Amino acid sequence: MSIRLGDIAPDFEQDSSEGRIRFHEWLGSSWGVLFSHPADFTPVCTTELGFTAKLKDQFAARGVKVIALSVDPVDSHHRWIEDINDTQGTLVNFPIIADADRKVSDLYDLIHPNANDTLTVRSLFIIDPNKKVRLVITYPASTGRNFNEILRVIDSLQLTDNHKVATPANWQDGDDVVIVPSLKDEDEIRQRFPRGYKAVRPYLRLTPQPNR
């Protein structure tokens with residue numbers, strides 16, 4: 001069964017490069033990013049994990065924990081981490097799930113039957129502190145993920161969870177945002193958005209971004 005937005009992220013217990021992981025317990029009250037990889041010692045994945053390690057402070061500032069997954073065993077992960085550190089000039093600072101029995105891959109529908117029945121697809125899930133799935137995105141094996149976009153989505157989710165706004169196309173942190181159409185009361189609007197707003201149309205009202 002595929003994972004849909006708003007679903008509770010399936011819990012699991014599995015080995016990893018940093019020991020046994022009980023997923024919901026490991027997440028605690030943090031946001032989470034779970035992302036899968038077709039296999040260890042593959043070129044695109046090596047660059048992805050290296051880049052993710054370099055974003056440690058960016059994820060920490062947003063209260064986000066990161067965890068990767070492939071169907072290879074722990075000893076393979078440890079050897080691969082050495083390669084990642086060496087070739088990408090970093091230190092991997094998050095666990096990689098060793099899903100040799102494909103238990104987690106099956107829970108998250110990560111095995112790609114149209115490509116290879118033993119390799120996971122390049123999927124990514126953003127999970128909020130209530131363990132709800134807030135983003136699901138799947139890339140082809142040949143295309144590396146844009147982690148700046150992942151950070152942008154997290155910024156948007158955290159902002160819109162706390163304010164009655166949405167973020168428009170190509171929004172970046174600090175840009176104007178959209179007041180949600182369901183907010184009609186002008187007194188509440190003035191209270192929530194003291195810097196005012198521009199009504200391009202009655203349903204399209206732009207206002208400076210509130211503090212996250």
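In this text, all values refer to a predicted model and were calculated from it rather than measured experimentally.
Residues meeting the side-chain contact (heavy atoms from CB on, under 4.5 Å) test with D185, sequence neighbours left out: D187, E188. Under the side-chain contact (heavy atoms from CB on, under 4.5 Å) criterion, V153 pairs with I126, L135, E149, L157, sequence neighbours left out. Listed by chain and residue number, P208 satisfy the side-chain contact (heavy atoms from CB on, under 4.5 Å) test with R195 (two or more places apart in sequence, or in another chain).
Only one option out of F35, W31, Y108 pairs with F125 in a ring-ring contact (aromatic ring centres under 6.0 Å, His included); it is Y108. Q209 pairs in a side chain to side chain donor-acceptor pair (under 3.5 Å) with only one of the listed residues (D155, D175, D173, D176), which is D173.
Placement of I96 and Y139 within a single hydrophobic cluster is found when ILVMFWY residues are connected by side-chain heavy-atom separations under 4.5 Å, directly or transitively. Following chains of ILVMFWY side-chain contacts shorter than 4.5 Å, one can reach I3 starting from L27, so the two form part of one hydrophobic cluster.
Defined by atom type and a distance below 3.5 Å, a donor-acceptor pair is present between the side-chain atoms of D40 and H77.
Through chains of ILVMFWY side-chain contacts below 4.5 Å, Y197 is grouped with L159, V165, W171, V177, I179, V180, L183, I189, F193. With side-chain heavy atoms closer than 4.5 Å counting as contact, directly or through intermediates, L91 stands alone and belongs to no larger hydrophobic cluster. Grouped with L204 in one hydrophobic cluster are V178, V200, Y203, L206, the linkage being side-chain heavy-atom contacts under 4.5 Å among Ile, Leu, Val, Met, Phe, Trp and Tyr residues.
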> For F94 and K56, what are the C-alpha separation, side-chain angles and deciding distance, and is it a side chain to side chain contact (heavy atoms under 4.5 Å, CB included)?
Replying inline: CA-CA 9 Å; F94 51 86; K56 178 182 180 180; over 6 Å; no
>> Determine whether D99 and K103 satisfy the following criterion, salt bridge (Lys or Arg N to Asp or Glu O under 4.0 Å), listing intermediate values before the conclusion.
In response: CA-CA 6 Å; D99 196 36; K103 176 172 66 179; over 6 Å; no
>> Run the side chain to side chain contact (heavy atoms under 4.5 Å, CB included) test on L49 and W80 for me, step by step, so that the C-alpha distance in whole Å, both residues' side-chain angles and the decisive distance to 0.1 Å come before the verdict.
In response: CA-CA 10 Å; L49 269 70; W80 186 30; 3.9 Å; yes
> After noting the C-alpha distance and the side-chain angles of C45 and R122, does the key distance pass the side chain to side chain contact (heavy atoms under 4.5 Å, CB included) rule?
Replying inline: CA-CA 9 Å; C45 301; R122 199 183 303 283; 3.3 Å; yes
>> One pair to check against side chain to side chain donor-acceptor pair (under 3.5 Å): D109 and S2. What are the steps and the verdict?
In response: CA-CA 6 Å; D109 194 30; S2 60; 5.1 Å; no
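Ring geometry for F23 against F12 counts as parallel: the plane angle stays under 30°, on a 0 to 90° scale with 60° as the upper cut.
Using a 4.5 Å heavy-atom threshold, the side chains of R145 and I150 count as separate. The shortest side-chain heavy-atom distance between K198 and R205 does not fall under the 4.5 Å cut-off.
How far CD1 of I8 is from CD1 of I127: 10.0 Å, rounded to the nearest 0.5 Å.
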